[in-house]
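Working notes, beginning with the structure itself.
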Number of protein chains: 2
Amino acid sequence: MENSARSQRTRAAAIQAALTIITRDGPGRLTIDAIARECGSSKGGILHHFRTKDAVLKALLEHQIEQGESLFDGYLAQSLPGRHEPALEAEIESLRTAAAHPKSTTFAIASALADNPELIAAVREREAKHVEAMKKEAADPSVAMVRWSAARGLALSSILGLCPLSEQERMSLFDLLRDDALWDSAQSCIRRRKEAAPQKEKQLL
Amino acid sequence: MENSARSQRTRAAAIQAALTIITRDGPGRLTIDAIARECGSSKGGILHHFRTKDAVLKALLEHQIEQGESLFDGYLAQSLPGRHEPALEAEIESLRTAAAHPKSTTFAIASALADNPELIAAVREREAKHVEAMKKEAADPSVAMVRWSAARGLALSSILGLCPLSEQERMSLFDLLRDDALWDSAQSCIRRRKEAAPQKEKQLL
DNA sequence: TTTTACAAACCGTCCAGATGGTTTGTAATT
DNA sequence: AATTACAAACCATCTGGACGGTTTGTAAAA
């Protein structure tokens, strides 16, 4: 086999093995030895691709980010032309999907990443771009941020195993958050009220 | 010194030391040796109080829960008699406070807990009670859940270092979420719309 | 004197990374 | 086409340190 192809294949296999381990055995069991065993490779082979264990984690995170991004892109592409806030809706749907995965790798990866704040920062910066897009398209950015935050809260709670709501409740809340027309009408009420009694948040968002 | 007092003191010192380590050095550095070193005790001494490391984590979690609970109780006690949804507001304020702590121990503890799902379940169950209370007092439970989820999203994002919003933006969003009157008026719009075009979430929440 | 609280030395295991070597692929030279 | 020279991928083994937990010792309290 061609060298580069071989290399790429084992690298992908290593990442897949890491994901398997992290979900099956928990993040505490993710060792280089375990990865090597899982993908039928050797420790040396793994360490040839990733010079340190942190490099493995970084690759894992990048893989996860790519997944999330393509999920988002898919939902964005699906959105009908008439929608007011396609990015927000795609984001909400992405979060709904993420929340649905109870044995989430995301949690495991997050916990494996706990000691690497710089990697987390990368995620946050990517998130900032999405937020920008959502604010830009929104009639009222602060309402968009509320909807986004709520979806995020549901997703993060579920991923961390902290969500006390049933799946049905979660689902219908996601439905509600997504319902553009509903928020449009609520928005006008809020706006009217804000103008009547101006609040701090008005000029900030 | 009296035995029991001495014991209690070292136990508290151990927990405090664990919190110091976990925030200063990261959860990966939380070892029994480190705790002993930090609080000027010995490994044997620590293991006299906590038979295993998991017991330390459990104690740490309980400590954190107590903190959170008393914070919530404080805000609840502060709430003025006229408010419609005191529990929700107290919860939102608690979450605001939690979010404000950037070097949060919560994150570190969460990640240290990653391999102990049963401990996480305890937190979730406690959360369920709060949710019940909030639903009970709410005119529209689904709106309350949206507000709560949004506050939770902001808090969790901040704690995990994933929140791309500025502190000001976060603060004003919390203000907005807390504004009972505003949501009341929005609620009536939503309700009107729901009745006009009934949705799935209506009967579920 | 028995129990409690702690200390110090120690044990077994796990694991990241280093090292030295083998196989496989590649490209230039003859 | 065959040979040579090199590079990349990969493997088996070792090591040094960290860490959870145990055992043994000790001094004070009960």
Side-chain angles (χ1 to χ4, degrees), chain A residues 1-22 24-61 108-109 111-116 118-119, chain B residues 1-22 24-61 108-109 111-116 118-119:
Chain A
M1 199 197 303
E2 211 178 45
N3 249 349
S4 68
R6 186 163 55 121
S7 174
Q8 206 174 342
R9 233 182 42 172
T10 39
R11 192 192 146 93
I15 290 178
Q16 205 50 53
L19 290 174
T20 303
I21 292 161
I22 224 172
R24 188 189 56 203
D25 309 328
R29 290 282 163 81
L30 183 69
T31 69
I32 297 179
D33 283 298
I35 296 172
R37 218 178 306 128
E38 183 71 28
C39 70
S41 182
S42 73
K43 192 171 187 171
I46 302 298
L47 281 164
H48 173 72
H49 286 281
F50 311 97
R51 291 229 302 278
T52 69
K53 195 187 176 182
D54 274 10
V56 175
L57 295 179
K58 194 176 173 191
L60 229 44
L61 183 65
I109 291 176
S111 93
L113 251 51
D115 289 317
N116 298 54
E118 65 280 11
L119 291 184
Chain B
M1 196 194 306
E2 214 177 50
N3 255 346
S4 69
R6 187 162 57 122
S7 177
Q8 207 175 342
R9 235 182 41 174
T10 36
R11 192 193 145 92
I15 290 178
Q16 207 48 55
L19 290 174
T20 304
I21 292 162
I22 225 171
R24 188 190 56 203
D25 308 328
R29 292 281 163 80
L30 183 68
T31 68
I32 297 180
D33 285 296
I35 295 172
R37 219 178 307 129
E38 183 71 28
C39 69
S41 182
S42 71
K43 196 171 186 172
I46 302 299
L47 282 163
H48 173 71
H49 287 281
F50 312 97
R51 290 227 303 278
T52 68
K53 194 187 176 182
D54 275 11
V56 176
L57 294 180
K58 195 178 172 190
L60 228 45
L61 184 64
I109 291 176
S111 93
L113 251 50
D115 290 319
N116 299 53
E118 66 279 10
L119 291 184

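Below, all heavy atoms of this structure are taken into account, side chains as well, without hydrogens, waters or symmetry copies. None of these values were measured; they are calculated from a predicted model. Within every chain, numbering begins at 1; the chains are lettered A, B, ... in the order of the sequence lines, protein sequences first and strands thereafter.
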message: One pair to check against side chain to side chain contact (heavy atoms under 4.5 Å, CB included): A:L60 and A:L30. What are the steps and the verdict?
response: CA-CA 12 Å; A:L60 229 44; A:L30 183 69; 4.2 Å; yes

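- If you take CZ on A:R11 and NE2 on A:H48, they are separated by 11.0 Å, rounding to the nearest 0.5 Å.
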query: In B/S/- notation, 5' to 3', how is nucleotides 10-18 of chain D contacted by protein heavy atoms closer than 4.0 Å?
result: SBB------

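- To the nearest angstrom, P of C:dA7 lies 13 Å from CG of B:D33.
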task: Starting from the C-alpha separation in whole Å, work towards a yes-or-no answer on side chain to side chain contact (heavy atoms under 4.5 Å, CB included) for A:I46 and A:C39.
output: CA-CA 10 Å; A:I46 302 298; A:C39 70; 3.9 Å; yes

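- With rounding to whole Å, A:R29 atom CZ is found 8 Å from C:dC15 atom P.
- Rounded to whole angstrom, the span from the CZ atom of A:R9 across to the P atom of C:dG25 amounts to 11 Å.
- Atom OG1 of B:T31 is separated from atom CD1 of B:I21 by 6.5 Å, given to the nearest 0.5 angstrom.
- Closest to the side chain of A:L47, from the set C:dC15, D:dG21, C:dG17, is C:dG17.
- Distance A:I35 CD1 to C:dC15 P: 12 Å, rounded to the nearest Å.
- Under a cut-off of 6.0 angstrom, the local environment of NZ in B:K53 is crowded, with over 12 non-hydrogen atoms contributed by other residues, nucleotides or ligands.
- As a whole-Å value, the separation of B:R51 CZ from D:dT23 C1' is 16 Å.
- Here the P atom of nucleotide C:dA5 and the CZ atom of B:F50 are 13 Å apart, to the nearest Å.
- Regarding A:I32, its CD1 atom lies at a distance of 9 Å from the C1' atom of C:dC15, rounded to whole Å.
- In this structure, OG1 in A:T20 is found 11.5 Å from CD1 in A:I15, a value given to the nearest 0.5 Å.
- When rounded to the nearest whole Å, the span between NZ of A:K53 and P of C:dG17 equals 9 Å.
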